[in-house]
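Here is how names work: the chains are called A, B, and so on, in the same order as the sequence lines, proteins then strands, and each is numbered from 1. As a basis for the values below, the full set of heavy atoms in this structure was taken, side chains included, without hydrogen atoms, waters or symmetry mates.
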Protein chains: 2
Amino acid sequence: MYEKKIPKDFSCGISITFEIIGGKWKPCLIDSINKGIRRPSEIAKKHPLASKRVLSLQLKELEAYGVVKKVIYPVLPPKVEYFSTTSI
Amino acid sequence: MYEKKIPKDFSCGISITFEIIGGKWKPCLIDSINKGIRRPSEIAKKHPLASKRVLSLQLKELEAYGVVKKVIYPVLPPKVEYFSTTSI
DNA sequence: CAGCATCCCTAAGGATACTG
DNA sequence: CAGTATCCTTAGGGATGCTG
């Protein structure tokens with residue numbers, strides 16, 4: 001039992017917005033990146049309460065939806081930067 | 001163990017918006033009420049996949065934050081209507 | 001009709017350790 | 001430094017039945 005998983009309802013536009021930028025840390029991540037905090041270590045420092053793993057996951061979702069762009073520099077130690085795809 | 005519950009971060013304004021209108025059905029409820037679907041039974045009919053209990057809970061939260069106003073008519077059988085507090 | 005009480009499940013999120 | 005793997009917790013949400 002309990003096999004029924006009610007699908008999300010996207011009949012209302014706001015729900016789609018929530019799908020894209022909803023999540024415990026996503027709004028804050030968007031905000032931080034917009035303010036020029038680009039590197040994962042800096043982002044983690046700005047959100048000391050969030051675990052690295054979750055920040056990573058949420059950044060990945062933002063990237064998947066095209067909200068942010070991820071730039072990987074082929075250097076050692078690794079360097080990554082996230083950029084907003086939107087100019088405000 | 002696992003006593004640590006990381007509190008929600010409201011340092012970013014969007015997070016506050018999510019607190020108010022976030023939730024699986026809240027955006028759709030706001031939309032429906034705005035469109036004139038006011039009575040719980042009608043709302044339930046419009047969202048056949050959602051359970052009465054959850055719709056009730058989410059309406060209560062919307063009411064608590066002042067997003068909708070609840071009007072109870074002292075009649076039998078009971079009659080209730082929800083109104084948007086915002087005119088668009 | 002509207003709402004609550006009860007019970008229960010799932011998935012988002014959290015802790016930790018490890019890799020290149 | 002950045003990311004992944006593993007395991008675990010918890011609160012949001014779902015099913016059902018009862019009340020006035």
Side-chain angles (χ1 to χ4, degrees), chain A residues 1-10 15 18-29 32-33 37-65 68-83, chain B residues 1-10 15 18-29 32-33 37-65 68-83:
Chain A
M1 58 184 76
Y2 269 92
E3 294 162 14
K4 190 179 241 178
K5 301 166 210 166
I6 299 181
K8 297 175 186 173
D9 183 332
F10 293 138
S15 301
F18 279 73
E19 182 69 8
I20 295 171
I21 61 168
K24 187 158 178 181
W25 303 101
K26 276 199 241 171
C28 299
L29 287 173
S32 295
I33 292 170
I37 303 179
R38 315 193 185 293
R39 303 193 56 182
S41 53
E42 293 169 354
I43 293 173
K45 213 166 291 174
K46 185 116 197 271
H47 303 288
L49 295 179
S51 80
K52 265 191 352 178
R53 193 189 75 96
V54 172
L55 290 181
S56 213
L57 285 174
Q58 306 238 325
L59 282 167
K60 200 177 266 183
E61 290 177 36
L62 288 175
E63 193 201 354
Y65 278 120
V68 301
K69 185 155 186 280
K70 178 180 186 174
V71 177
I72 304 173
Y73 301 91
V75 297
L76 277 176
K79 176 176 174 183
V80 167
E81 286 185 328
Y82 291 93
F83 294 89
Chain B
M1 57 184 75
Y2 270 90
E3 295 162 11
K4 190 179 241 178
K5 299 166 209 165
I6 299 181
K8 297 175 184 171
D9 184 332
F10 294 138
S15 301
F18 278 73
E19 182 69 9
I20 296 172
I21 60 168
K24 187 158 180 181
W25 303 100
K26 275 198 243 172
C28 300
L29 287 172
S32 295
I33 292 170
I37 302 177
R38 315 193 184 293
R39 301 193 58 183
S41 54
E42 292 170 354
I43 292 173
K45 214 166 290 175
K46 185 118 199 267
H47 304 287
L49 295 179
S51 79
K52 265 192 349 177
R53 193 189 75 95
V54 172
L55 290 181
S56 214
L57 285 174
Q58 305 239 325
L59 283 168
K60 199 178 268 183
E61 290 177 37
L62 288 175
E63 192 202 355
Y65 278 119
V68 302
K69 185 157 187 278
K70 178 181 188 176
V71 177
I72 304 173
Y73 300 92
V75 298
L76 277 174
K79 177 177 176 183
V80 167
E81 285 186 331
Y82 290 92
F83 294 89

Check: A/K26 side chain, A/I20 main-chain N or O, donor-acceptor pair, under 3.5 Å:
yes
Ignoring hydrogens and angles, answer whether the base of C/dG14 and the side-chain atoms of B/K5 contain a donor-acceptor pair closer than 3.5 Å.
no
Using a 4.0 Å heavy-atom cut-off across all strands, classify A/K60 as base, sugar-phosphate, or nothing.
sugar-phosphate
Using a cut-off of 4.0 Å on non-hydrogen atoms, how would the nucleic acid contact of B/P40 be classed: base, sugar-phosphate, or nothing?
sugar-phosphate
Whole-Å gap separating C1' (C/dA11) and CZ (A/F18)
19 Å
Which comes earlier along DNA chain D counting from the 5' end, the contact point of A/R39 or that of A/P7, where each point is its nearest nucleotide?
A/R39
Side chains of B/P78 and B/L76, heavy atoms from C-beta outward: is any pair under 4.5 Å?
yes
Non-hydrogen atoms of A/K46 and A/S32 that approach each other most closely:
NZ-OG, 3.9 Å
Closest-nucleotide 5' rank along DNA chain C - winner of A/G23 and B/K70
B/K70
Atom NZ of B/K52 to atom P of D/dT19: distance rounded to whole Å?
14 Å
Starting at atom CG of B/L57, determine the distance to atom P of C/dT6, rounded to an integer number of angstrom.
14 Å
Please report the distance, rounded to the nearest Å, between CG in A/L55 and C1' in D/dC1.
15 Å
Spacing between B/I21 atom CD1 and D/dG12 atom P, to the nearest angstrom:
17 Å
Note, B/L49 side chain near A/P7 side chain (heavy atom, < 4.5 Å)
yes
Return no unless some side-chain N or O of B/S41 is found under 4.0 Å from OP1 or OP2 of C/dA2.
yes
Interatomic distance, B/K8 NZ vs D/dT10 C1' [rounded to whole Å]:
12 Å
Whole angstrom value for the distance that separates C1' of C/dG13 from CG of A/L29:
14 Å
Mind checking if A/Y73 touches a base, just sugar-phosphate, or nothing, with heavy atoms under 4.0 Å?
nothing
Identify whether any heavy atom of A/Q58 sits under 4.0 Å from a base atom; if not, whether one sits that close to sugar-phosphate; answer base, sugar-phosphate or nothing.
sugar-phosphate
Less than 3.5 Å between a donor and an acceptor, one on the side chain of A/R53 and one on the base of C/dG13, is that the case here?
yes
Classify the side chain of B/K24 and the base of D/dG12 as holding, or not holding, a donor-acceptor pair under 3.5 Å.
no
Without swapping roles, check the side chain of B/K24 against the backbone of A/I6 for a donor-acceptor pair under 3.5 Å.
yes
Could you tell me the separation between the CG atom of B/L62 and the P atom of C/dG3, rounded to a whole number of Å?
13 Å
